[in-house]
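Have a look at the structure that comes next, please.
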Amino acid sequence: MINAPRGTNDILLPQVTLWQELERRLRELCRAYGYSELRTPIFESTELFARGVGEGTDIVDKEMYNFTDRGGRKITLRPEGTAPVVRAFLEHKLHSTLPSRLYYLGPMFRYERPQAGRMRQFHQFGCELFGAEGPFADVEIIDLAWTTYRSLGIEDVQIKINSLGCETCRGAFREELKKRLEPKLGELCNNCQTRHARNPLRILDCKSPQCQNALGQLPQILDYLCPDCREHFSGVQKGLSALEIPVLVDPNLVRGFDYYNRTVFEVVAEGLGAQDAIGGGGRYNKLVEELGGPSVPAVGFAAGLERTLLVLEQYGIKLTRDDAPFLYLAPLGEEALAVAFKIGTQLRHRGVPTYLPLEERSLKAQMKVANRQAARWTLILGDEELEKRQAVLRKMDDGTQTEIPLEGIVELIEDLFQKEGSSGRCKA
RNA sequence: GUGGGCGUAGCUCAGUUGGUUAGAGCGCCAGGUUGUGGCCCUGGAGGCCGUGGGUUCAAAUCCCAUCGCUCACCCCA
């Protein structure tokens, strides 16, 4: 037997309706915010991520699904959504009309050991806002992130924000930090020893108790922000508080991508095992340029959908989606099966969700299936009815049934469906 | 990459100090109702006990290896 590869899974019936409903709501939300969908390929040139996400990040160094195609091209299954969106944004010259609001929704791939809330193929929903430098853009994105969870009924999320400054103030801070860490190097964990050389900022959010102890009082980037960055960050905070979006300033929040500058944020929630982030994002003013485009400021965020569903489950929030048949057809006998098959097919042509049996079965067995399928109505069609050119229409809720003529039956049931519409019933 | 836990029916899991035809609940199928679901009752189908090797008169049970799942470290969504 061949199983799905490690860290991947099949999404089937009970779960798949949750996914459909989740996706439907996210798209609806994007419409409200004026974001339009951008679908990019699932694989890209390896170079895109090497340059976009940055060499030296965990993602690029050890988590990418890389392969060489038959033409010798170096290809990578996308580990995140922002770099591909920027690539497409440039390829289609979307910077000619700014601001540009884009969203994506789909699978991402990272080669890691799976655990609770972490898969090798997982799904992200993300939004990117191009062409606005002022704090309102950051506020819009953070509000959108916040509203994403709120609109799903998750009240209990916390947003942590920080500012990483720009290349000038961050550079100065990095040097200062390195200098201050120098004497304590020996006390830090192995990881942080290498970070010291490559990316000292990441030492700030190291969770190892060894480092937490050794670090003690370190300078904070917020104290090193240049006047512009300081003003921008305070603008973001003012905007958020005007919208009454509660955020926690976390000076140690760094995040794992190289492309962020100024605002970074993370949405955290309980119930994800050892993980706590269900979404995150920030500003990336240099990325478009680094990928060969003009200077276009941008902000974005991404939400992990598996984790979002985990949190929904934790809170007992059920996203329901009607997937039950409106009509269950229960023919008795060969002749009735043929007649039912035709009626059922005509109803399907008219968009009425119809369960159609393909073989003869006892009425009892058919009723059981109708019940299990949560059908709203069952149409019973046997010899007796055929004789009289009639059928029995049974309402499954209360078991009441009426005889209706075969003549015009398709129209009659279609009318019934138009009136009652979908009922929010769920098979699973 | 490292460590812990677990692999028995479609699903959730029992299975005693190794001992005869490996069990339950749910689900599925059929019957109780010669044409009526949900509740109830009866019966049935369905298992290389993850795989390979070893110990033993005898292995689901003990040992080794291997694969898979899972949780955690690292990092992240």
Side-chain angles (χ1 to χ4, degrees), chain A residues 1-9 12-14 53 56-63 78-82 105-126 145 148-149 189-192 194-195 199 202 205-211 253-257 266-269 272-281 301-311 328 330-333 336 360-386 391-401:
Chain A
M1 256 239 298
I2 298 172
N3 297 98
R6 169 155 234 209
T8 70
N9 63 355
L12 37 101
L13 196 48
V53 179
T57 61
D58 277 14
I59 287 183
V60 173
D61 288 353
K62 48 182 217 195
E63 294 175 6
R78 63 182 187 194
E80 60 100 42
T82 299
L105 181 49
M108 305 292 163
F109 307 84
R110 291 183 200 170
Y111 190 90
E112 298 178 274
R113 294 288 288 265
Q115 65 187 72
R118 173 191 294 161
M119 301 287 288
R120 287 184 173 179
Q121 174 173 333
F122 62 103
H123 297 76
Q124 283 189 334
F125 159 69
T148 295
Y149 303 107
C189 68
N190 289 341
N191 237 310
C192 283
T194 51
R195 280 178 182 146
N199 192 354
R202 311 256 19 218
D205 67 351
C206 179
K207 279 137 205 145
S208 126
Q210 184 187 348
C211 292
L253 180 65
V254 175
R255 300 193 50 75
F257 303 110
E266 209 164 85
V267 187
V268 297
L272 296 171
Q275 269 68 238
D276 64 356
I278 51 176
F301 101 101
L305 298 189
E306 281 79 1
R307 290 184 183 182
T308 301
L309 287 172
L310 276 177
V311 172
Y328 187 96
L332 294 163
E360 289 186 51
R361 287 187 77 182
S362 74
L363 182 57
K364 179 175 174 165
Q366 299 197 73
M367 292 300 295
K368 270 179 97 155
V369 179
N371 186 54
R372 194 175 62 223
Q373 294 284 327
R376 200 169 175 75
W377 297 90
T378 295
L379 191 73
I380 301 164
L381 192 58
D383 302 335
E384 294 169 24
E385 287 78 20
L386 277 184
V392 173
L393 186 62
R394 178 185 178 87
K395 187 169 189 169
M396 295 303 282
D397 280 346
D398 54 16
T400 57
Q401 42 190 56

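Reckoned from all heavy atoms, side chains included, excluding hydrogens, waters and symmetry mates. Chain letters run A, B, ... following the sequence lines, proteins first, then strands; residues in each count from 1. These numbers were taken from a predicted model, which means no experiment stands behind them.
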Taking the side chain as C-beta and beyond, is there a heavy-atom pair between A:P107 and A:H123 under 4.5 Å?
->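 With C-beta onward as the side chain, the pair touches.
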Short heteroatom pairs, N/O only, protein and nucleotides 7-12 of chain B, under 3.5 Å:
none

Any N/O donor-acceptor pair, A:Q366 side-chain to B:rU36 base, under 3.5 Å |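 Not at all, since no donor on one side and acceptor on the other fall under 3.5 Å apart.
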Can you tabulate the close N/O pairs, meaning under 3.5 Å, that link protein atoms to atoms of nucleotides 25-31 of chain B?
residue : atom : partner : partner atom : Å
B:rC28  : OP1  : A:R372  : NH1          : 2.8
B:rC29  : OP1  : A:R361  : NH2          : 3.3
B:rA30  : OP2  : A:R361  : NH2          : 3.3

Using the test side-chain hydrogen bond (donor to acceptor under 3.5 Å, both in side chains), find all partners of A:D276 that sit at least two apart in sequence or belong to another chain.
-> none
Give every pair of a protein N or O atom and an N or O atom of nucleotides 66-71 of chain B that lie under 3.5 Å apart, one pair per line with the distance.
residue : atom : partner : partner atom : Å
B:rC69  : OP2  : A:R6    : NE           : 3.1
B:rU70  : O4   : A:R6    : NH2          : 3.3
B:rC71  : OP2  : A:A116  : N            : 3.2

Distance, rounded to the nearest Å, where A:F301 contributes CZ and B:rC76 contributes P =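 Checked: the CZ to P distance equals 18 Å.
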Quantified in whole Å, what is the P atom distance between nucleotide B:rG50 and nucleotide B:rG44?
->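 It comes out at 26 Å once rounded to the nearest Å.
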Separation of atom CD in A:Q124 from atom C1' in B:rC76, rounded to whole Å | 9 Å
Sequence-distant partners of A:E80, side-chain hydrogen bond (donor to acceptor under 3.5 Å, both in side chains), two or more places apart | A:Y259
Taking only residues two or more places apart in sequence, or in another chain, which ones meet A:Q366 in a side chain to side chain contact (heavy atoms under 4.5 Å, CB included)?
-> A:Y328, A:A330, A:P331, A:L332, A:P357, A:R361
For B:rG7 and B:rC64, measure between their P atoms and round to the nearest Å.
-> 16 Å
Sequence neighbours excluded, which residues qualify as side-chain hydrogen bond (donor to acceptor under 3.5 Å, both in side chains) partners of A:R394?
-> A:Q401
Under 4.0 angstrom, heavy atoms only, what part of the nucleic acid is A:E384 near: base, sugar-phosphate, or nothing?
-> base
Validation row: A:I278, A:L310 side chains within 4.5 angstrom (heavy atoms) =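 No. Closest side-chain heavy atoms not under 4.5 Å.
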Starting at CG of A:D276 and ending at P of B:rC76, how long is that distance when rounded to a whole Å?
-> 11 Å
Span that lies between the P atom of B:rA30 and that of B:rU51, in whole angstrom |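 After rounding to an integer number of Å, I get 32 Å for this pair.
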Give one of base, sugar-phosphate or nothing for A:E385, where a contact means two heavy atoms less than 4.0 Å apart.
-> base
To the nearest 0.5 Å, how far apart are OG1 in A:T308 and CD in A:E306?
->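 Separation between the atoms: 8.5 Å.
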Taking the same atom, C1', in B:rG25 and in B:rC71, what whole-Å distance lies between them?
->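 To the nearest whole Å, 27 Å.
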P atoms of B:rG47 and B:rG1, separation to the nearest Å = 36 Å
What is the distance, rounded to the nearest whole Å, between atom CG of A:L381 and atom P of B:rU36?
->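 Answer to the nearest Å: 16 Å.
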Looking only at atom P, what distance separates B:rA9 and B:rA22, rounded to whole Å?
->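 Between the two P atoms, the distance is 14 Å.
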To the nearest 0.5 angstrom, please state how far the CZ atom of A:R372 sits from the CE atom of A:M367.
->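 With rounding to 0.5 Å, CZ (A:R372) is 13.0 Å from CE (A:M367).
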With heavy atoms under 4.0 Å as the rule, sort A:M396 into base, sugar-phosphate or nothing.
-> base
A:R110 and A:F122, any side-chain heavy atoms less than 4.5 Å apart =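 The answer is yes; the side chains approach within 4.5 Å.
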Could you tell me whether A:A303 contacts a base, only the sugar-phosphate backbone, or nothing, with contacts defined as non-hydrogen atoms closer than 4.0 Å?
-> nothing
Round to the nearest Å and state the distance from A:R110 atom CZ to B:rC76 atom C1'.
->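 It works out to 6 Å between those atoms.
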Span that lies between the C1' atom of B:rA45 and that of B:rU55, in whole angstrom |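 Their C1' atoms lie roughly 37 Å apart.
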Main-chain N/O of A:A269 paired with A:Y149 side-chain donor or acceptor, under 3.5 Å |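 No; zero donor-acceptor contacts below 3.5 Å.
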On a heavy-atom basis, the closest approach of A:A116 and A:G273 is CB-CA, 4.3 Å
NA contact type, A:I278, heavy-atom cut-off 4.0 Å: base, sugar-phosphate, or nothing?
->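 Counting heavy atoms under 4.0 Å across all strands, the contact made by A:I278 is with sugar-phosphate only.
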Looking at side-chain heavy atoms only, is the closest gap between A:R376 and A:M396 below 4.5 Å?
-> no
Answer with yes or no whether A:E112 presents, from its side chain, a donor or acceptor under 3.5 Å of a partner atom in the base of B:rA77.
->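 It does, because a donor-acceptor pair links the side chain of A:E112 to the base of B:rA77 below 3.5 Å.
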Please write out each protein N/O paired with an N/O of nucleotides 48-52 of chain B under 3.5 Å, distance rounded to 0.1 Å.
none

Taking CG from A:L332 and C1' from B:rU34, how many angstroms apart are they, rounded to a whole number?
->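 Those two atoms, CG and C1', are 12 Å apart.
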List RNA chain B stems (3 or more consecutive Watson-Crick/G-U pairs, under 3.5 Å)?
-> B:1-7 with B:67-73, B:10-13 with B:23-26, B:28-32 with B:40-44, B:50-54 with B:62-66
Spacing between A:D58 atom CG and B:rA77 atom P, to the nearest angstrom | 11 Å
Please give, in whole Å, the distance from B:rA77 P to A:F109 CZ?
->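 One finds 16 Å between P of B:rA77 and CZ of A:F109, rounded.
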Partner residues of A:Q124 under the side-chain hydrogen bond (donor to acceptor under 3.5 Å, both in side chains) criterion, sequence neighbours left out | none
Measure the shortest side-chain to side-chain distance between A:R120 and A:Y111 over non-hydrogen atoms and say whether it is less than 4.5 angstrom.
-> yes
For A:P114 against A:G7, the heavy-atom pair lying closest together =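 Minimum heavy-atom separation between A:P114 and A:G7: CG-CA, 3.9 Å.
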Output all residues satisfying side chain to side chain contact (heavy atoms under 4.5 Å, CB included) with A:K395, sequence neighbours left out; order by chain, then residue number.
->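 Listed in chain order: A:W377, A:D397, A:D398, A:T400.
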Given RNA chain B, 5'-ward residue of the pair A:E306 and A:K62, judged by closest heavy atom =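 So the residue in question is A:K62.
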How do A:G279 and A:A375 order along RNA chain B: which one's closest nucleotide is nearer the 5' end?
-> A:A375
What do the steps show when you test A:T148 against A:F301 for side chain to side chain contact (heavy atoms under 4.5 Å, CB included), and what is the final call?
-> CA-CA 11 Å; A:T148 295; A:F301 101 101; 3.7 Å; yes
Choosing from B:rU36, B:rA77, B:rC76, which nucleotide comes nearest the side chain of A:I380?
->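 Of all the options, the side chain of A:I380 is nearest to B:rU36.
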Please name all residues satisfying side chain to side chain contact (heavy atoms under 4.5 Å, CB included) with A:D61, sequence neighbours left out, ordered by chain then number.
-> A:R198
Hey, could you give me the CG/OG1 distance between A:L381 and A:T378, rounded to the nearest 0.5 Å?
-> 12.5 Å
Looking only at B:rG37, B:rC74, B:rA77, the nucleotide nearest the A:R255 side chain is B:rA77
Nearest-Å distance once atom C1' is located in both B:rG52 and B:rC67 | 10 Å
